[in-house]
A.B. asks: 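Dumping the structure here so I can ask a few things about it.
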Amino acid sequence: MPIPYGRQHITDEDIKAVVEVLKSDFLTQGPNVPDFEKAFAEYVGSKFAIAVSNGTAALHLCTMALGVGRGDKVITTPITFAASANCIGYCGGEVVFSDVDEKTYLIDIQKVEKMLRASPRGTYKGIIPVDFAGYPCDLEKLRKLADEFGLWIIEDACHAPGGYFTDSNGKKQNCGNGNYAELAIFSFHPVKHIAAGEGGMITTNDEELYNKIRNLRTHGIQQIPERRLYNHGLWYYEMQELGYNYRLTDIQAALGKSQLSRADAGLERRKEIAALYEKKLGNAPFIKGQSGVIEGHAYHLYIAEFENRSGLHKYLRTKDIFTQVHYIPVHLMPYYRQFGWKEGDLPVAENYYNRCLSLPMYPSMTEEQQDYVIDTIKGYYHK
Ligand SMILES: Cc1ncc(COP(=O)(O)O)c(C=O)c1O
């Protein structure tokens, strides 16, 4: 049986939840969407949650709602999936990549600070940090900087439902709880913690942003009747701005909700898998993993840097172990090179890219399978 780097876990309850929707009156915009939103907001501890068709749509709605416009500079990390940056370009903004920290692989807050201090106030509009691999960003620190320079924050928490960082008062701050970032986003792609086929969620504590995003999710149609400008009758709806159809179906919401009810168990299993990798591979000379404050890590991925990474990747494939590389630095994608980004611009990210590998990490992986992965890696270096 091939061992992938990640995969969904579907139970009989998940299937039952989906089949119930298929037999019901509403395939989209039924009761499961608001139920899922409510349960998700409770899970992360935010006031509001808005379900959308995928994480990319979530990012797009956030940059729209925050008013990104032509030429607006927004900062993000190169070590992420391209969508974290692309959402800036969707609105005509300019993506400014800032290098990562060599221990955490997250955007390096000190480098961001340096960049902000080197330019006149107002040069940058916002920042999109990513809780990469499930490692939560210290948003308290980032918020202080954002406040000083008048920036907004969109937390890309696609990898981190259930993750948290500990603030300076010793309080746990859940990823996406809205205490430090204006908006946060999640993805329900099958390799993520919560699988809905496709799907996404936006969380916030800001009621105005919540209302605006709900309108933008549905073509810009005003969702609050009292805020309509006209009324032609009971059939009337009113499009007030240019929006999209970025809705989640009730089928997906039912699956997402069912998966969410097991999210804690899945997270615990991910932590066990990470601890076992740490224990059995941790001291080997060929490995260096994410380090620092690991406590609230949500372990979407288990990443380490390896000597001869490409050789190892190839070798593991011959043994039916399908590891992955997360990520090719986004600034080196041909699309971003056209704006002048090139090799050498972000050396920490590029050096990391040359060595990183994501090992299999998913709750249904058995201990036997994990031992096989570990032994095969060791076998490669000791052959
Ligand atoms: C960090 C990050 N941001 C955004 C996305 C986009 O999410 P989706 O695939 O649901 O559009 C992903 C998912 O692949 C991701 O990993």
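What you see is a predicted model, and the numbers here were worked out from it, not measured in a lab. Heads up: numbering here begins at 1 and tracks the sequence. Order of listing sets the numbers, starting from 1, for every ligand and every atom in it.
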A.B. asks: Which atom pairs, one a donor and one an acceptor, fall under 3.5 Å between side chains of residues 324-333 and the rest of the protein, sequence neighbours left out?
C.D. replies:
from   : atom 1 : to     : atom 2 : distance (Å)
His326 : ND1    : Ser358 : OG     : 2.7
Tyr327 : OH     : His159 : NE2    : 3.1
His331 : NE2    : Glu350 : OE2    : 2.8

A.B. asks: Nearest 0.5 Å, please: how far is CE in Met365 from CZ in Arg7?
C.D. replies: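 So the CZ of Arg7 and the CE of Met365 are separated by 12.5 Å.
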A.B. asks: Under a strict 4.0 Å criterion on non-hydrogen atoms, which protein residues are in contact with ligand 1?
C.D. replies: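 Shell around ligand 1 (4.0 Å, heavy atoms): Asn54, Gly55, Thr56, Leu59, Thr80, Phe81, Ala83, Ser84, Val130, Asp156, Cys158, His159, Ser187, Lys192, Gly199, Tyr327.
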A.B. asks: For Ser119 and Tyr124, run side chain to side chain contact (heavy atoms under 4.5 Å, CB included): C-alpha distance rounded to whole Å, both residues' side-chain angles, the deciding distance at 0.1 Å, then the answer.
C.D. replies: CA-CA 9 Å; Ser119 316; Tyr124 301 95; 3.7 Å; yes
A.B. asks: Write out all pairs satisfying salt bridge (charged side-chain N to carboxylate O under 4.0 Å, His left out) with one or both partners inside residues 177-190, taking only residues at least two apart or from two chains.
C.D. replies: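 For residues 177-190: Arg143-Glu182.
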A.B. asks: Taking side-chain hydrogen bond (donor to acceptor under 3.5 Å, both in side chains) as the cut-off, I'd like each qualifying pair that reaches into residues 183-194, sequence neighbours left out, listed once.
C.D. replies: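 Residue pairs passing side-chain hydrogen bond (donor to acceptor under 3.5 Å, both in side chains), neighbours aside: none found.
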A.B. asks: Which label fits Phe40 and Phe188: parallel for a plane angle under 30°, tilted from 30 to 60°, or perpendicular past 60°?
C.D. replies: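 Answer is perpendicular, since the angle exceeds 60°.
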